[in-house]
Amino acid sequence: MFHSVWGSGCGIRTVHSLLTCGVTLVLLLHDTDLYPQEKVGIRLHPLVFVLAVMASTALYYGVSLMDPGYVLTDCEEKPHLIPMKEDQETPALTPGAVRMRRCGYCLLKPMRARHCKSCQRCVRRYDHHCPWIENCVGEKNHRVFILYLALQGLVLLWALRIAWSGFRAAVTWSEWFRTNVFLLAALVVIGVFTVVVVLLLVSHLYLISCNVTTWEFMSHHRISYLRQCDYDTNPFDRGVIRNLWSFFCTWGNVVWERVYYRDVLSTV
């Protein structure tokens with residue numbers, strides 16, 4: 001399920017598109033590393049760059065408009081899931097009975113889900129609400145979000161190199177500024193976004209390898225199912241390899257209550 005392009009976040013998506021088009025045009029219209037190959041008849045280099053920009057933009061729109069994993073209140077109540085108040089302490093379990101927290105807005109809330117005040121919905125394995133995509137990052141779109149960050153990071157690093165190659169020397173600083181003002185503005189925008197995207201990608205990959213969400217990492221002490229655990233203990237951690245495999249290669253909704261209580265259920 002996808003949101004409407006003209007719905008919430010339309011303004012942010014428009015700004016993103018305008019910035020992308022503007023910076024790309026500046027790089028294409030200046031004498032940069034893209035042009036020497038083009039002049040000798042080899043147009044593959046600029047073509048691949050434009051296609052990479054288009055692919056990153058398509059991923060941006062995809063992750064912005066995707067369903068992040070909204071909890072469907074009319075489908076979540078299952079016979080083997082027993083509702084529980086969010087602030088209620090975790091009780092002893094019996095085989096086949098897994099306790100679920102109750103959301104004041106959406107009735108039932110699976111473990112690791114959180115009610116997003118911006119989206120007004122509960123999101124499965126909630127990570128965070130990203131203002132740049134104006135959408136939550138959750139169980140269904142987190143992989144696409146990481147893919148977008150990776151491709152966007154590569155495109156930005158490439159664009160950074162292209163922009164740097166376009167600067168030309170001048171006799172005076174004022175003349176140099178007039179000659180390179182648009183390229184300098186593009187370089188600043190690219191540099192800022194490169195730092196942000198690379199930091200986001202590295203931090204998310206680290207958290208994924210630990211099977212921890214951004215929300216759980218930042219609010220460990222406030223989350224009911226983590227308060228009883230030590231800060232260096234993660235009940236969802238199954239080792240780096242299995243965590244990465246589970247994130248990138250496993251599809252469908254995960255019953256995190258069973259993962260959380262796997263040791264208890266195995267001894268009952």
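This chain uses plain numbering: 1 for the first residue, then up along the sequence. These figures come from a predicted structure and were not determined experimentally.
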Taking atom types as modelled, is there a side-chain donor on Tyr61 or Ser17 under 3.5 Å from an acceptor on the other? yes
Q. Where do Arg258 and Val255 land on the side-chain contact (heavy atoms from CB on, under 4.5 Å) test, with the steps shown first?
A. CA-CA 6 Å; Arg258 297 198 181 280; Val255 183; 3.6 Å; yes
Closest non-hydrogen contact found for Ala163 with Leu183 is O-CD2, 3.5 Å
### Query
Are there more than 12 heavy atoms of other residues, nucleotides or ligands under 6.0 Å from atom CD1 of Ile241?
no
More than 12 heavy atoms of other residues, nucleotides or ligands under 6.0 Å from CZ of Phe217: yes or no? no
Ion pair Arg13/Glu134, N-O distance below 4.0 Å: no
Would a distance-only check, ignoring hydrogens and angles, find a side-chain to backbone donor-acceptor pair under 3.5 Å from Trp176 to Arg168?
yes
- [ ] Report yes if some heavy atom in the side chain of Glu216 is under 4.5 Å from a heavy atom in the side chain of Tyr225; otherwise report no.
- [x] yes
For Asp33, is there any backbone N or O sitting under 3.5 Å from a side-chain donor or acceptor partner on Ser165? yes
Taken to the nearest 0.5 Å, the spacing of Asn141 CG from Ile133 CD1 works out to 6.0 Å
Are the side chain of Asn234 and the backbone of Asn211 linked by a donor-acceptor contact shorter than 3.5 Å? yes
- Side-chain heavy atoms under 4.5 angstrom apart, residues restricted to Ile, Leu, Val, Met, Phe, Trp, Tyr: same cluster for Val196 and Leu157? no
Looking at Tyr206, I want to see if its OH is surrounded by more than 12 non-hydrogen atoms of other residues, nucleotides or ligands under 6.0 Å. no
Linking I/L/V/M/F/W/Y whenever any side-chain heavy atoms sit under 4.5 Å apart, do Leu200 and Leu244 land together? yes
With a distance cut-off below 6.0 Å to the six-membered ring centre and an angular limit of 45° from the axis, does Arg112 pair with Tyr126 as a cation-pi contact? no
(message) Tell me whether Thr172 contacts the main-chain N or O of Glu175 through its side chain, where contact means a donor paired with an acceptor under 3.5 Å.
(response) yes
Output for pair (Cys136 SG, Arg125 CZ), nearest 0.5 Å, gives 12.5 Å
Heavy-atom side-chain contact between Ser64 and Ile12 under 4.5 Å = no
Exercise for review: Would you kindly confirm whether Met54 and Leu149 end up in one hydrophobic cluster when ILVMFWY residues are joined by side chain heavy atoms under 4.5 Å apart?
Suggested key: yes
All heavy atoms of Phe182 vs all of Val26, minimum pair found to be O-CG1, 3.7 Å
dist Ile146:CD1 -> Ile208:CD1 (nearest 0.5 Å) comes out at 4.0 Å
Nearest heavy-atom approach of Ala113 to Val71 is CB-CG2, 4.4 Å
Separation between CG (Leu27) and CG (Leu160), nearest 0.5 Å, reads 10.0 Å
Which of Val48, Val53, Leu47 passes side chain to side chain contact (heavy atoms under 4.5 Å, CB included) with Leu51? Answer is Leu47
- Query: Does one hydrophobic cluster hold both Met66 and Leu59, with members joined at side-chain heavy-atom distances below 4.5 Å?
  - Reply: yes
Should Val198 and Leu207 be regarded as members of a common hydrophobic cluster, given that ILVMFWY residues are connected when their side-chain heavy atoms come within less than 4.5 Å of each other, either directly or indirectly?
no
| field | Worked check of side-chain contact (heavy atoms from CB on, under 4.5 Å) between Arg143 and Leu147 | value | CA-CA 6 Å; Arg143 278 181 291 263; Leu147 182 59; over 6 Å; no
Next on the checklist: Testing the 3.5 Å rule here: is there a donor-acceptor pair between the side chains of Tyr70 and Glu139?
Outcome noted: no
Apply ring pair (Phe, Tyr, Trp, His ring centres under 6.0 Å) to the pair Trp215 and His129, showing each step before the final yes or no. CA-CA 10 Å; Trp215 173 54; His129 183 90; over 10 Å; no
In terms of relative ring orientation, are Tyr148 and Tyr60 parallel, tilted or perpendicular, with 30° and 60° separating the classes? tilted
What one should report as the nearest heavy-atom pair of Ala150 and Leu201 is CA-CD2, 3.9 Å
What one should report as the nearest heavy-atom pair of Pro68 and Val123 is O-CG1, 3.9 Å
Under 3.5 Å, side chain of Arg124 to main-chain N/O of Pro110, donor-acceptor pair present? no
Crowded around Phe167 CZ? As in, over 12 foreign heavy atoms under 6.0 Å? yes
Report task. Classify the side-chain pair Asn243/Asp237 by whether it contains a donor and acceptor separated by less than 3.5 Å. Result -> yes
Test side-chain contact (heavy atoms from CB on, under 4.5 Å) applied to Arg238 and Trp245, step by step: CA-CA 10 Å; Arg238 292 176 285 180; Trp245 176 268; over 6 Å; no
* So Phe145 and His142, would you call those rings parallel, tilted or perpendicular, with 30° and 60° as cut-offs? -> tilted
d(Arg114 CZ, Cys122 SG) to nearest 0.5 Å is 9.5 Å
Shortest non-hydrogen pair, Val23 vs Ala186, comes out as CG1-CB, 4.3 Å
CG of Asn135 to SG of Cys130, rounded to nearest 0.5 Å, is 8.5 Å
Go through it in stages, so that I can follow the logic: the residues are Phe193 and Gln152, the test is side-chain contact (heavy atoms from CB on, under 4.5 Å), and I'd like the CA-CA distance, side-chain angles, deciding distance and then a yes or no. CA-CA 9 Å; Phe193 277 91; Gln152 185 71 80; over 6 Å; no
Testing the 3.5 Å rule here: is there a donor-acceptor pair between the side chains of Thr214 and Asp127? yes
